[in-house]
Number of protein chains: 2
Amino acid sequence: MDRSGGRARHSGDLIAILSGRNRARNLHSDVLWDLGFAIVSGQYPEGSILPPDTELLERFRVSRTVLREALKTLAAKGLIEARARIGTRVLPRNRWNLFDSDVLAWHFELGPEVSFLQSLAEVRIGIEIEAAALAAERRSDDQAVGLLATIELMAKAKTPEDFARHDLDFHKTVADASGNPFMASISALVEMALTAAFTISSPVNEPEALTQTVAVHRAIADAILARDAIAAREAMRVAIAEGFARAAGRMEAANS
Amino acid sequence: MDRSGGRARHSGDLIAILSGRNRARNLHSDVLWDLGFAIVSGQYPEGSILPPDTELLERFRVSRTVLREALKTLAAKGLIEARARIGTRVLPRNRWNLFDSDVLAWHFELGPEVSFLQSLAEVRIGIEIEAAALAAERRSDDQAVGLLATIELMAKAKTPEDFARHDLDFHKTVADASGNPFMASISALVEMALTAAFTISSPVNEPEALTQTVAVHRAIADAILARDAIAAREAMRVAIAEGFARAAGRMEAANS
DNA sequence: GCGCTTATATTGTCATACTTATTCGACTGT
DNA sequence: ACAGTCGAATAAGTATGACAATATAAGCGC
């Protein structure tokens with residue numbers, strides 16, 4: 001059984017670094033991640049029954065308490081449902097809470113597929129466009145200053161990690177400025193998307209791409225500064241679409 | 001201690017009926033709902049430490065196992081974080097998974113506020129507009145037929161429950177047709193929004209409103225049928241905005 | 001007054017026993 | 001043969017008590 005070291009399957013390291021909230025403090029999260037990843041990766045397909053308590057206990061060599069807490073956590077994220085005498089069933093995908101950061105992370109651990117990145121970009125466009133528009137209407141002056149400052153940091157970033165961190169900061173500030181709690185709640189999504197994209201190719205390594213990315217973000221900030229909701233929408237759409245296009249293009253190239 | 005009957009605080013009954021997945025089968029979900037509601041309602045503010053295990057054990061008169069599973073579930077939804085010697089801290093709101101159906105339900109149990117309904121409408125607009133546009137591009141013929149059939153059922157609905165059910169069905173089908181798993185994953189959100197809106201005022205009780213609502217949904221379906229993404233976007237926006245406006249208007253009237 | 005150690009409180013983990021719910025199949029009566 | 005009832009078997013749910021790990025804070029020696 002791969003304890004402790006078995007977590008960095010794909011781009012897990014960068015994800016862990018960026019997300020800050022470091023994993024693996026306690027035993028039960030080990031079990032949780034193993035099972036969660038196994039389910040998301042299709043090792044236990046939707047609708048299937050996973051092994052009974054006794055067998056899993058044997059496999060992970062942990063106490064019943066730990067195992068059951070891991071299962072309860074999975075249940076809370078909508079991945080499984082336990083029923084007496086039947087066992088623990090893997091729920092259909094549309095019941096999974098895809099906006100959960102753990103569930104998202106498990107998806108990325110099996111290697112980002114283009115189709116998944118595209119789905120991610122599509123929801124981001126939907127949500128963040130509205131966030132940008134609302135931010136244009138509701139931003140405070142402090143938030144406006146913050147946006148400009150973050151852009152400066154992006155432009156001066158030297159490492160992919162720094163760039164990603166400030167990029168994420170920018171989007172978080174926009175979500176915050178929208179005054180809508182739901183918008184702020186999806187930063188996990190943005191985080192994963194950015195991390196995935198930068199794992200594939202960071203603008204920092206391509207001068208023209210960097211200039212371009214910074215320019216697009218400045219356009220968003222300018223629109224929000226000017227309280228121009230329409231322009232903010234459009235600029236945000238461009239920013240997300242371009243980010244996805246660059247990553248997708250790079251993946252295509254790598255596969256040929 | 002209010003076991004079993006203590007759940008229907010506000011519009012809980014309708015919510016329970018609509019959501020289908022009935023609550024309250026086991027002990028631990030009782031504790032879960034009590035604590036979850038207490039946190040969301042601000043009884044334990046963000047950043048505060050909730051009582052230690054021993055005290056909660058006393059209060060709920062359950063075993064440690066049950067209590068800890070409830071806490072783990074709350075942690076999985078991003079509401080709390082436990083650390084040894086420190087205690088169990090309520091996380092800041094932006095860490096909460098607002099897209100979780102339980103967390104949403106707890107918000108509604110304390111009475112839907114206009115501002116919360118508005119935030120809900122804003123995200124729905126963001127996401128469902130994109131879903132409608134994508135559905136227009138990707139729908140299968142079967143899905144198109146399904147949309148039309150659902151509209152017929154909406155038009156003929158006699159009770160608020162029936163109407164809400166078919167309305168929800170419609171939005172679910174659109175999300176499905178978008179081919180984006182994230183879109184399908186937010187049906188919990190739509191469910192709550194619709195339930196809340198209909199709890200306040202159902203179109204079934206107002207003939208003109210019913211005609212209007214059905215017409216707007218037919219416009220969405222027509223646009224998707226015609227593979228017209230632009231029109232689908234706009235029609236969806238109107239549908240959500242109108243639904244929110246009706247509920248908000250009714251609440252204003254009730255408060256004056 | 002400073003740094004190290006130790007006490008203490010709180011969550012984390014373990015092991016085991018018992019309870020409850022649900023299914024399946026055997027049994028019984030018609 | 002058939003339908004309904006009852007009971008055994010199985011898996012999750014609950015309970016309990018003990019011990020381990022961890023992080024704060026108090027105390028101690030220097």
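Note that these values count all heavy atoms, side chains included, but never hydrogens, waters or copies made by symmetry. Within every chain, numbering begins at 1; the chains are lettered A, B, ... in the order of the sequence lines, protein sequences first and strands thereafter.
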Integer-rounded Å distance: [N] [atom2] and [X] [atom1]:
X: K72(A); N: dT14(D); atom1: NZ; atom2: C1'; result: 11 Å
X: L71(A); N: dA11(D); atom1: CG; atom2: P; result: 15 Å
X: I80(A); N: dA11(D); atom1: CD1; atom2: C1'; result: 14 Å
X: E69(A); N: dT14(D); atom1: CD; atom2: P; result: 13 Å
X: R64(A); N: dA11(D); atom1: CZ; atom2: P; result: 12 Å

Quiz item: Step by step, would you call R68(B) with V31(B) a side chain to side chain contact (heavy atoms under 4.5 Å, CB included)?
Solution: CA-CA 10 Å; R68(B) 289 186 52 76; V31(B) 178; over 6 Å; no

Quiz item: Can K77(B) and W96(B) be said to form a side chain to side chain contact (heavy atoms under 4.5 Å, CB included), step by step?
Solution: CA-CA 6 Å; K77(B) 295 175 190 300; W96(B) 299 2; over 6 Å; no

Quiz prompt | Step-by-step side chain to side chain contact (heavy atoms under 4.5 Å, CB included) determination, W33(B) to E109(B) | solution = CA-CA 11 Å; W33(B) 274 67; E109(B) 284 208 357; 3.2 Å; yes

Quiz item: Looking at the rings of H217(B) and H171(B), which for Trp means the six-membered one, are their centres under 6.0 Å apart?
Solution: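 Yes, the ring of H217(B) comes within the 6.0 Å limit of the ring of H171(B), centre to centre.
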
Quiz item: Please walk me through it: do V123(A) and M183(B) pass side chain to side chain contact (heavy atoms under 4.5 Å, CB included)?
Solution: CA-CA 7 Å; V123(A) 259; M183(B) 304 290 179; 4.1 Å; yes

Return the [atom1] to [atom2] distance between [X] and [Y], rounded to the nearest 0.5 Å.
X: T199(B); Y: M192(B); atom1: OG1; atom2: CE; result: 10.0 Å
X: T73(A); Y: L79(A); atom1: OG1; atom2: CG; result: 11.0 Å
X: L35(A); Y: L71(A); atom1: CG; atom2: CG; result: 6.0 Å

Quiz item: Listed by chain and number, what are the side chain to side chain contact (heavy atoms under 4.5 Å, CB included) partners of A184(A), not counting sequence neighbours?
Solution: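 Result, side chain to side chain contact (heavy atoms under 4.5 Å, CB included) vs A184(A): D176(A), N94(B).
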
Practice problem: Residues of residues 50-57 of chain B with any non-hydrogen atom less than 4.0 angstrom from an atom of DNA chain C: list those, numerically ordered, please. | Solution: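 Residues of residues 50-57 of chain B that come under 4.0 Å of DNA chain C are, in numerical order, P52(B), D53(B).
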
Quiz prompt | Contacting residues from residues 83-92 of chain B, given that a heavy atom lies under 4.0 angstrom of DNA chain C | solution =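 Contacting residues: R83(B), A84(B), R85(B), G87(B), T88(B).
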
Side-chain donor-acceptor pairs under 3.5 Å in residues 114-122 of chain A, sequence neighbours left out?
unit_1, atom_1, unit_2, atom_2, d
Q118(A), NE2, E122(A), OE2, 3.3
S119(A), OG, S115(A), O, 3.3
E122(A), OE1, N180(B), ND2, 2.8
E122(A), OE2, R138(B), NH2, 2.6

Quiz item: On DNA chain C, which is the earliest and which the latest nucleotide, 5' to 3', with an atom closer than 4.0 Å to a heavy atom of chain B?
Solution: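 Range of nucleotides touched by chain B: dT8(C) to dT13(C).
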
Quiz prompt | Those residues that, when tested against E46(B), pass side chain to side chain donor-acceptor pair (under 3.5 Å) (two or more places apart) | solution =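 Result, side chain to side chain donor-acceptor pair (under 3.5 Å) vs E46(B): none returned.
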
